[in-house]
Amino acid sequence: MSVTRERLVEVLEEIALLLEIQGENPFKIRAYRQGAEVVSGYDGDIVALARDNKLEGIKGLGDALRDKLHELATTGELEFHKKLRVGYPDSFFDLFELDGLGPKKIAVLNRELKVDSIITLKAACDAGIVAGLPGFGAKTQAKILESLARRVQAAEAFRLDIAVQAAEGILEILRMHPEVLRASVAGSTRRSKEIVRDLDFIVATPKPAELTAFFATQEFAKEVIAQGDTKCSIRLESGMQCDLRAVSNDQYPFALFYFTGSKEHNVAIRSRALKKGWSLNEYAFTGENVPVIRDEADIYRALGLDFVPPELRENRGEIEAADEGTLPRLLEWENLRGTFHNHTTESDGKASLHAMAEGARELGLQYLGIADHSKSSPQANGLSVERLAAQVETIAAWNREHGGKQFRLFAGSEVDILKSGALDFDDDLLATLDFAVASVHNALTLEEDEMTKRIIKAMENPYITMLGHLTGRLLLRRDGYAVNHEKIIDCAAETRTVIELNCNPKRFDMDWRWWHRARDKGVLCSINPDAHSVNQLQFLRFGASVARKGWVRREDVVNTKTLAEMEAWLKLPKGKR
DNA sequence: GCCGTTTTCGGCCCGACTGTTTTCAGTCG
């Protein structure tokens, strides 16, 4: 049984926590934590590299971490970690997820009261003995109890679409306040992360205390967590925490930059400022001859950098590129001219073919690809050979009646990739379609190697235009199936098979972390909403943001082609695309 | 423990808020 990337990350993070408990040098702790980040975000087969002792040159992994990762990847264990863990059960690590509890307090609880799990902590609080500990009091104990209760009822992570929806409503309210000059959402929502933990708002105002008070008393603020003169934290009905920072108009660009993050991006930018002799915090540059700053772009300019779009701020090479002037011109959502992979009532969609077509046209698209499920997905009312043939006719008739140079429907199918890698329809039928999306919907538990071969076999078919939701993940609900991304990307490049960026916010699949690599290999992307209703066509907007996060440019995305270009492109043999 | 176009040693981000304190430690972002 080989070690997974997740396990490597978990071990490094546990080491960081255990060292923290022991009061180790905070920078050593940070090194382990950053090592975990690097392993988690590395776009390549980090497990194989660790196994083969080829981690040399990866920033953030020094001699010590390289050796430890090698030991872990080859033996499945790490002596250093095992020794640290003696006396701490798995349940101990749950304690770190509680609000208001950090390593210092957990260390005290563990040392004084033998607390080593949520259950023993709850018992200690109920018995009232936590309040008597040094550094603890009645309020701390009550807060721990609240936090324990909340952990039970509310998930603390939210999908991007939920976050954006909440943020837009609140932003509108903030902008209507007469003392607000500028306002923006910051944080991971602004960076279009697929999962968001809280919302951050920045407002520029001459009266910050008035704004934090205003924020705390809004109807959406179901609970006020903290309120001061410049900062206010509240919780929404949904359980989502929202932080407001109220700053002066001069401070605004710095606050917006700082709270947009990511933390790693900020640290790197800050050290760049230090090299210029300036210190950078959330309010200003300080030092000799500091430049005048009016907006975020001025901050980057002052440091000799091109403006870095928020989506790219993950410290994955964007600062180097901004320095060299080689940041890509990213896709804009307005560049999308049409889309593929959409369902109708013929399979499991909620809207008719006609309604979907009109919805797409109203959205300003020039074409819409219909791809209902195939016959091996009876749970989704998959189409039989006959029903698909009939649908192709219906689409042709629709185009004759309603289509033209401005808009048309493309006939396709979301063809199941069967367990063997064979497709659910034979080539003769697929050849009658304008396009075909191949997706896995069953036998999700195959070993990685077998799953990869299965998908590759489907991609080798000349009639498969694109690969649907590569991992089948459902964010916050189900992990994706095991599949080797490198091999799939290489195969897509060779066979000229497009890979879908499924922009249904439940999926965002293939993950943004892989697109830069795919793009560099010449793989084309199709941004598809997997829409099951007319409204869901609007997922395209999220698709564009997440594609940007993956460094994707207009020319990397097939559905930026105009209708005429797309018609010509689809007629080309796959190998010539 | 990591890193280096000021470095192989000496740095490594720091401010706001809360609660327990009486001047500050812990947590969070």
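A note on names: the letters A, B, ... follow the listed sequences, proteins ahead of strands, and every chain is numbered from 1.
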Practice problem: Answer syn or anti for dT21(B), where the cut-off is 90° from 0 on the glycosidic torsion. | Solution: anti
Exercise. Using a cut-off of strictly less than 4.0 Å, decide whether Y283(A) has a side-chain nitrogen or oxygen near OP1 or OP2 of dC13(B).
Key: no
Quiz item: Between dT20(B), dC12(B), dG15(B), which one does the side chain of F27(A) approach most closely?
Solution: dC12(B)
Quiz prompt | Greater than 12 external heavy atoms within 6.0 Å of E237(A)'s CD | solution = no
Quiz item: Starting at CD of Q141(A) and ending at P of dT20(B), how long is that distance when rounded to a whole Å?
Solution: 10 Å
Exercise. Using the C1' atom on both, measure dG29(B) against dT23(B) and round to a whole Å.
Key: 24 Å
Quiz item: Which sits closer to the 5' end of DNA chain B, G137(A) or R30(A), going by the nucleotide each is nearest to?
Solution: R30(A)
Exercise. Send over the distance from E24(A) CD to dC12(B) P, rounded to a whole Å.
Key: 19 Å
Quiz item: Going through the distances and angles, do K59(A) and E320(A) end up as a salt bridge (charged side-chain N to carboxylate O under 4.0 Å, His left out)?
Solution: CA-CA 13 Å; K59(A) 208 161 172 290; E320(A) 293 79 353; over 6 Å; no
Self-check item: Separation of dG19(B) C1' from I144(A) CD1 (nearest whole Å)
Solution: 12 Å
Self-check item: For atom CG of L69(A) and atom P of dG1(B), their distance in whole Å
Solution: 13 Å
Quiz prompt | Along DNA chain B (nearest heavy atom to each residue), the more 5'-positioned of F80(A) and G135(A) | solution = F80(A)
Quiz item: In residues 266-276 of chain A, which ones come under 4.0 Å of DNA chain B, going by heavy atoms?
Solution: V267(A), R270(A), K275(A)
Exercise. Encode nucleotides 22-29 of chain B as B, S and - characters from 5' to 3', where the letter depends on protein heavy atoms closer than 4.0 Å: B to the base, S only to sugar-phosphate, - to neither.
Key: ----SSSB
Quiz item: So among R513(A), K263(A), K549(A), which one has a side-chain hydrogen bond (donor to acceptor under 3.5 Å, both in side chains) with E314(A)?
Solution: K549(A)
Practice problem: Please name all residues satisfying side chain to side chain donor-acceptor pair (under 3.5 Å) with S262(A), sequence neighbours left out, ordered by chain then number. | Solution: E264(A)
Quiz item: Are more than 12 heavy atoms from other residues, nucleotides or ligands located less than 6.0 Å from atom CD of E334(A)?
Solution: yes
Self-check item: Distance, P atom - from dC17(B) to dG11(B), rounded to whole angstrom
Solution: 31 Å
Quiz item: What class does the angle between the rings of W514(A) and H485(A) fall in, given that below 30° is parallel, 30 to 60° is tilted and above 60° is perpendicular?
Solution: parallel
Quiz item: Mind checking whether Y300(A) and F257(A) have parallel, tilted or perpendicular rings, split at 30° and 60°?
Solution: perpendicular
Exercise. Remember a base hit wins even if backbone is also touched, and classify I29(A) as base, sugar-phosphate or nothing at under 4.0 Å, heavy atoms.
Key: nothing
Quiz item: If you measure from the C1' atom in dT20(B) to the same atom in dC24(B), how many Å do you get, rounded?
Solution: 9 Å
Quiz item: Rounded to whole angstroms, how far apart are CG on D229(A) and P on dA16(B)?
Solution: 11 Å
Quiz item: Which word best sums up how the rings of W551(A) and H516(A) line up, parallel for under 30°, tilted for 30 to 60°, or perpendicular for over 60°?
Solution: parallel
Self-check item: Protein-nucleotide distance (L65(A), atom CG; dG1(B), atom P), rounded to Å
Solution: 8 Å
Self-check item: Those residues that, when tested against R272(A), pass side chain to side chain donor-acceptor pair (under 3.5 Å) (two or more places apart)
Solution: D323(A)
Exercise. Please identify each residue that fulfils salt bridge (charged side-chain N to carboxylate O under 4.0 Å, His left out) with E77(A), with sequence neighbours left out.
Key: K82(A)
Quiz item: Base, sugar-phosphate, or nothing for T230(A), non-hydrogen atoms under 4.0 angstrom?
Solution: sugar-phosphate
Quiz item: How many Å lie between CG on L18(A) and C1' on dG1(B), as a whole number?
Solution: 16 Å
Quiz item: Does D298(A) reach the main-chain N or O of D295(A) with its side chain, forming a donor-acceptor pair under 3.5 Å?
Solution: yes
Quiz item: Can you name the residues that form a side chain to side chain donor-acceptor pair (under 3.5 Å) with R245(A), not counting sequence neighbours?
Solution: none
Practice problem: For dG1(B) versus dT5(B), give the span between their C1' atoms, rounded off to a whole number of Å. | Solution: 23 Å
Quiz prompt | Integer angstrom distance from the C1' of dT18(B) to that of dT22(B) | solution = 16 Å
Quiz prompt | Neighbours of DNA chain B within residues 49-63 of chain A, by heavy-atom distance under 4.0 Å | solution = K59(A), G60(A), L61(A), G62(A), D63(A)
Quiz item: Nearest to the side chain of K143(A), which nucleotide is it out of dT18(B), dT20(B), dG15(B)?
Solution: dT18(B)
Quiz prompt | Audit row: R85(A), D90(A), salt bridge (charged side-chain N to carboxylate O under 4.0 Å, His left out) steps and yes/no | solution = CA-CA 9 Å; R85(A) 265 208 63 159; D90(A) 286 349; 2.6 Å; yes
Quiz item: Say you pick atom C1' in dG19(B) and the same atom in dC13(B); how far apart are they, in whole Å?
Solution: 24 Å
Quiz item: Residues in salt bridge (charged side-chain N to carboxylate O under 4.0 Å, His left out) with D63(A), at least two apart?
Solution: R66(A)
Self-check item: Of residues 294-318 of chain A, the positions that come close to DNA chain B - non-hydrogen atoms, cut-off under 4.0 Å
Solution: none
Practice problem: Would you give the length of the straight line joining atom OG of S147(A) to atom CG of D99(A), rounded to the nearest 0.5 angstrom? | Solution: 5.0 Å
Exercise. Quickly work out the H265(A) NE2 to dC13(B) P distance and round it to whole Å.
Key: 15 Å
Quiz item: Is there a residue in residues 204-228 of chain A whose heavy atoms reach under 4.0 Å of DNA chain B, and which residues are they?
Solution: A226(A), Q227(A), G228(A)
Exercise. Apply salt bridge (charged side-chain N to carboxylate O under 4.0 Å, His left out) to D306(A) and list each qualifying residue two or more places apart in sequence or on a separate chain.
Key: none
Quiz item: Counting any heavy atom closer than 4.0 Å, what does A138(A) reach on the DNA or RNA strands: base, sugar-phosphate only, or nothing?
Solution: sugar-phosphate
Self-check item: Whole-Å P distance, dC12(B) and dT7(B)
Solution: 16 Å
Self-check item: Side-chain donor or acceptor of D520(A) paired with backbone N/O of R517(A) under 3.5 Å
Solution: no
Practice problem: Provide the distance between the two C1' atoms, one in dC14(B) and one in dC9(B), to the nearest whole Å. | Solution: 24 Å
Quiz item: Any ring-ring contact (aromatic ring centres under 6.0 Å, His included) pairs touching residues 89-121 of chain A, not counting sequence neighbours?
Solution: Y88(A)-F92(A), F92(A)-F96(A)
Quiz item: In Watson-Crick or G-U wobble terms, both distances under 3.5 Å, what is the partner of dC9(B)?
Solution: dG4(B)
Quiz item: How about Y258(A) and Y283(A): are their ring centroids closer than 6.0 Å?
Solution: no
